[in-house]
Amino acid sequence: MNYISTRNKSVKVTAAEAIAKGISADGGLFVPDSFPKLSEDDFKSLKQLDYIGRAKYVLKYFLNDFTEGEVDYCVRGAYTGSFDNDIPAPISVVGDMNILELWHGPTCAFKDLALQLLPYLLTTSAKKTAAGKKTVILVATSGDTGKAALEGFCDVPDTEIIVFYPSDGVSPMQKLQMDSQKGGNVHVFAIKGNFDDAQTGVKKIFTDAAVKEKLDENGMQFSSANSINWGRLAPQIVYYVSAYCDLLLKNADLKDGFNVVVPTGNFGNILAAYYAKKMGVPINRLICASNSNNVLTDFIRTGVYDRNRKFYTTVSPSMDILISSNLERMLFELSGADDKAVSKMQDELSKTGTFKVSDDIKAKMSELFWGGCCNDEQTLGTIGKVFGEYGYLCDTHTAVAVNVYNQYKEQTGDCRTALIASTASPYKFADSVLKAVSDKDSGSEFGNVDLLCDITGAEVPEPIKALEKAEVRFNEVCDKDKMLLAVYSALGIK
Ligand SMILES: *Cc1c(COP(=O)(O)O)cnc(C)c1O
């Protein structure tokens, strides 16, 4: 297996190169040129393994130039002792839903599953491909990636990490998590703009040849911790394979496969579920759930992607995204690996903010996916309803998924086994979640955490408790077109 660029298939690199670079020089994203197919026997073996064993089993296929020892070192390092649960991705059964809780890591969001591993993958890759160079990780975040990346890369030798987040686009808890990050190699900036501005800015810096040269001169090279990096996606495939094994062990009814519901922003998480399906996990429909920024719902239904629309700041801020960067990888799949067609669509998107897919792609897309959305009121209503009915507290992002799943069942009558990706701890969005279950308000973020705990009895994760006493280290706000200057200043480059 090699990795190719979605915009030029003749660009062929190894896993280490794909991970170390993060993005192809032509602006395309790296994808495997073939996928392993897991057989019934593979699943029989996988079922017997713990999470670390399953992760090694799946990841060895994708890390084609890593030794077995290296894969073992990376996976063990990432998943030993860093999650509050022996199982990093446990399933809770709530009514007819299997809720895959992906938020038991150090930053209480699903990004930890990938970002605890990525630093290991990246430093191992850099040793193979860029001996002696320091890796500079640039991150644009809608809230959760930033903190998870900071935590993963904190004081990792030979790396620096620089995070940009939208100053008014993250929850108070997310902001405090990032602004209080410890470590000698971490840099955090708020920008005046939204997530798409941050992501566009970072992509621009990445692909600027002059900037690359300047870093070269200083013995550094960029990489990405965003889900444009293949090293972010591969670990996410693991938890869908693992969840399938767990459903098998629970004797869930899987004769017609199962549906997966994913609260979606940048399309990384749901794409990983698609790749798991491609590898043989019997997933039926991929249900793509959006908040009021419903660009993907419209796209799945009409085949027209149009980001020229009002941008909403919602109670599920990690999904406040109008340019879903991983969709490019999906388009590559749907078009039958047509790099020219993908380049054309991406080019139109950056020039006009919109593109239309062929009828063939549209048909394939509606077979695989179902798109739905809900607004803030419906999101909070769903949190209240799920808590009232089952005593289960879910966060705002997970609630979007639950709401859309209910719409799906109602409209299609398809009630087969369902796996819902739960992407964050409710305490990460305590203000909004409290509003959904009570009319009390303490007036402060941590007061609301306590209230929420009193009212619901749901356990407060340790990292959230620790945050209350954390010291703020970063408070710089930068202009969205001054991001490069911020990068140079963080790195001490003149
Ligand atoms: C990042 C994030 C999402 C969106 O995931 P994508 O992979 O970008 O689609 C959803 N929920 C939470 C809590 C997140 O942090």
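Note that ligands are numbered from 1 as they come in the structure, with each ligand's atoms numbered from 1 the same way.
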Classify the ring geometry of Y79 against F83: parallel below 30°, tilted from 30° to 60°, perpendicular beyond 60°.
tilted
Plane angle bin for F267 and F369 - parallel if under 30°, tilted between 30 and 60°, otherwise perpendicular:
tilted
Min side-chain heavy-atom separation K111-T141 under 4.5 Å
no
Report yes if the distance between the aromatic ring centroids of Y3 and W230 is under 6.0 Å, otherwise no.
yes
Classify the side-chain pair S422/E101 by whether it contains a donor and acceptor separated by less than 3.5 Å.
no
Expected rows: ligand 1 N/O, protein N/O, dist below 3.5 Å:
{"unit_1": "ligand 1", "atom_1": "7 (O)", "unit_2": "G268", "atom_2": "N", "d": "3.2"}
{"unit_1": "ligand 1", "atom_1": "7 (O)", "unit_2": "N269", "atom_2": "N", "d": "2.9"}
{"unit_1": "ligand 1", "atom_1": "8 (O)", "unit_2": "N266", "atom_2": "N", "d": "2.7"}
{"unit_1": "ligand 1", "atom_1": "9 (O)", "unit_2": "G265", "atom_2": "N", "d": "2.8"}
{"unit_1": "ligand 1", "atom_1": "9 (O)", "unit_2": "N266", "atom_2": "N", "d": "3.2"}
{"unit_1": "ligand 1", "atom_1": "9 (O)", "unit_2": "F267", "atom_2": "N", "d": "3.1"}
{"unit_1": "ligand 1", "atom_1": "11 (N)", "unit_2": "T423", "atom_2": "OG1", "d": "2.8"}
{"unit_1": "ligand 1", "atom_1": "15 (O)", "unit_2": "K111", "atom_2": "NZ", "d": "2.6"}
{"unit_1": "ligand 1", "atom_1": "15 (O)", "unit_2": "D144", "atom_2": "OD2", "d": "2.5"}

Tell me every residue that passes salt bridge (charged side-chain N to carboxylate O under 4.0 Å, His left out) with E462, counting only those two or more places apart in sequence or in another chain.
K465
